[in-house]
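Worksheet: one structure, shown below.
In each ligand, atom 1 is the first atom listed, and ligand 1 is the first ligand listed.
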Amino acid sequence: MSRIRLLPEILASQVAAGEVVERPASVVKELVENSIDAGARKIEVIIRRGGISLVRVVDDGCGMERDDALLSLERHATSKIRTAADLAAIATLGFRGEALPSIASVSRFRLTTREPDAIAGTEIIVAGGRIETVRDGGEAPGTQVEVRSLFYNLPARRKFLRSENTESRNIEHQLHLQATGHPEIAFAFVRDDRIAFQLPAAANLLERIRDLHGTELVERLLPVEEPSASARMRIRGLIGQAGVSRQSRAQQLVFVNGRAIESPVLTAALREGYHTALMKGQFPVTFLFLDLDPAAVDVNVHPAKREVRFRDPGAVRESVVESIRKTLESGRRDWQQQFQRPVMTPAASQPGTESVIPPAFAPQPSAVPQLGEPVFNSVLPREGESLRDLRDSWPSGEAINVAGASHQFQIIGVLNKLYVLMENQDGLVLVDQHAAHERILFEELRRRMEEQGVPSQRLLLAQTFELAPRDAEWVERNVATLQKMGIGIEPFGQNAFKIDSLPTFLDVSDPVGFMRKVIDGLKSASNGSSPLRLGEDMIAKTVCRHAVKANDPLRYLEVEKLIGDLLECDLPYCCPHGRPTMIQISHTELEKKFGRKV
Ligand code: ADP
Ligand code: MG
């Protein structure tokens with residue numbers, strides 16, 4: 001007796017639904033993608049009870065004629081690809097022709113659709129995959145899909161759903177992805193009869209992100225710099241400047257050809273690009289868009305189309321790393337400009353005085369001390385002076401030029417022997433002197449390593465040691481880099497090494513123990529990253545010890561030099577471990593805190 005049998009259509013759809021429709025957010029994803037593919041300018045998403053009781057997506061896209069509408073509910077029916085060649089270069093979000101029949105097979109489903117110039121539209125009602133009604137429907141041009149009682153006929157799947165709140169949040173995240181990917185489309189999201197958000201069509205990504213996340217985040221984002229011309233892809237978008245990070249990956253968004261995706265290749269590239277600009281265990285904030293030839297990416301990897309495969313992952317990775325790096329370094333210019341703007345002195349804020357600062361940005365007169373009020377200026381002790389002596393001797397209201405004439409700001413003092421307080425045009429700047437010193441040392445050593453190698457000092461006695469085979473293999477691969485970093489290491493027989501010198505800036509009593517630690521640390525930190533990064537890791541791990549400790553009191557001139565040097569760095573605003581070196585507290589923030597402004 002034969003035992004193999006073809007599955008009935010509905011059952012086959014339910015099997016497919018298992019992959020495509022994991023939860024209400026997947027329904028939202030598929031329906032919104034369809035609306036985008038249909039050329040919608042406005043998409044409205046309405047959900048009830050976490051999308052379990054209702055998901056409705058309404059668009060003003062191209063709509064469907066009756067035959068197409070019926071066909072769209074068949075499995076493997078799509079208008080988006082026709083041939084295998086199309087599959088190799090997909091330019092739409094959908095292509096599998098599975099979403100609508102899958103969703104319709106596990107819910108109570110209603111589709112109404114109308115082409116813009118058609119006299120009448122079509123309404124189709126389906127329950128658990130069985131078409132129950134087909135009739136004329138008179139809705140507005142576009143398409144509306146209503147999905148009720150998701151998984152009502154699949155109790156096993158329904159049990160796996162999380163709380164309504166969690167499902168709602170998943171949906172909201174999904175909509176954020178789509179809205180970020182398509183700023184030109186207006187979105188509205190209504191949750192349990194309340195408007196959760198309403199996004200007008202935006203002129204560009206920046207505007208969309210401002211509408212979604214507010215100005216505060218936008219001010220800390222940098223426009224992404226393009227990779228070098230040789231890279232066969234465009235990279236654009238906005239990413240958080242150094243020091244901006246999150247505890248989860250929720251704001252680490254990456255789009256490949258307009259599709260939000262998750263990709264280990266890109267995640268690793270982002271990490272490497274941020275490198276010392278990211279605190280351990282933190283995630284960057286990115287709204288990154290990669291546009292490449294559709295034939296260079298395979299999107300047909302995952303049923304929910306969440307993942308892609310790159311034809312040349314190495315090239316993609318390199319370009320992303322380069323872009324991120326360039327972008328973060330470009331952020332330095334912003335900082336420097338902030339410091340270059342002259343400090344608003346009381347005299348300069350008097351009415352009638354020439355001022356180059358647009359009124360909107362100029363601090364309110366109440367924010368700066370009025371003439372006659374005491375002005376606390378630089379009160380750091382100079383050689384042989386105590387803080388008290390200085391308080392009266394510093395000329396009031398005069399900006400101090402640190403490191404030449406280029407950076408104008410006033411050093412006010414040092415708090416708790418750790419934080420340098422400064423005033424610039426925007427308000428108060430706090431600098432962590434320890435973190436600042438780390439950054440300066442780090443960049444100096446890196447420069448030396450890149451240029452001529454770190455100077456090293458011979459050990460009194462060369463030492464030999466053995467390593468586990470895998471560690472030995474790692475060292476052998478990286479010998480050249482280690483040597484550039486000032487570590488005189490060479491192979492000395494099977495899995496054994498000889499070490500005869502160490503960088504001069506290190507003070508190590510147990511070279512072998514030190515080497516084992518370095519290898520452990522670097523191996524895990526630098527999995528697969530470039531040799532240069534390896535050197536950076538090593539430096540970052542060692543400079544910390546040398547940097548000014550938190551409580552070292554600094555003389556005024558030392559502080560001045562420290563700040564000057566910091567501003568010359570490539571990435572002045574964070575230490576090599578990604579912690580911030582400076583914090584700006586604006587006049588506005590101060591005014592709010594003092595209740596001068598609401
Ligand atoms: P796919 O998107 O992979 O083609 P779907 O099952 O999601 O498969 O949709 C099937 C077809 O139905 C699409 O190819 C498209 O032609 C049509 N369609 C679906 N949703 C819409 C919509 N909102 N507006 C216009 N046409 C749509
Ligand atoms: Mg689709």
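Residues meeting the salt bridge (charged side-chain N to carboxylate O under 4.0 Å, His left out) test with D37, sequence neighbours left out: K80.
In summary, D293 and R232 do not engage in a salt bridge, as defined by a charged side-chain N under 4.0 Å from a carboxylate O. The pair R191-E172 meets the salt-bridge criterion, with a side-chain N (NZ, NE, NH1 or NH2) lying under 4.0 Å from an Asp/Glu carboxylate O. Ion pairing between E216 and R220 fails under the 4.0 Å rule for side-chain N and carboxylate O. Residues R234 and E226 are paired through a salt bridge, judged by an N-O separation under 4.0 Å between the basic side chain and the carboxylate. Using a 4.0 Å cut-off between charged side-chain N and carboxylate O, R162 and E167 make no salt bridge.
Protein N, O or S atom count below 2.8 Å of the Mg ion (ligand 2): the structure gives 1.
Annotation: side-chain hydrogen bond (donor to acceptor under 3.5 Å, both in side chains) contacts involving residues 305-315, sequence neighbours excluded, comprise E30-K305, E33-K305, H302-R306.
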Which atom pairs, nitrogen or oxygen on both sides, join ligand 1 and the protein at under 3.5 angstrom?
from	atom 1	to	atom 2	distance (Å)
ligand 1	2 (O)	N34	OD1	2.9
ligand 1	2 (O)	K80	NZ	2.7
ligand 1	3 (O)	F95	N	2.9
ligand 1	3 (O)	R96	N	3.0
ligand 1	3 (O)	G97	N	2.8
ligand 1	4 (O)	T78	OG1	2.5
ligand 1	6 (O)	A99	N	3.2
ligand 1	6 (O)	L100	N	3.0
ligand 1	7 (O)	N34	OD1	3.0
ligand 1	7 (O)	N34	ND2	2.8
ligand 1	8 (O)	G97	N	3.4
ligand 1	14 (O)	T78	OG1	3.3
ligand 1	14 (O)	S79	N	3.0
ligand 1	14 (O)	S79	OG	3.2
ligand 1	16 (O)	S79	OG	2.5
ligand 1	20 (N)	N34	ND2	3.4
ligand 1	23 (N)	D59	OD2	2.9
ligand 1	24 (N)	T143	OG1	3.2

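In this structure, R271 forms a cation-pi arrangement with F283, its terminal cationic atom sitting closer than 6.0 Å to the ring centre and no more than 45° off the ring axis.
In L6, the CG atom is not crowded: 12 or fewer heavy atoms of neighbouring residues, nucleotides or ligands sit closer than 6.0 Å.
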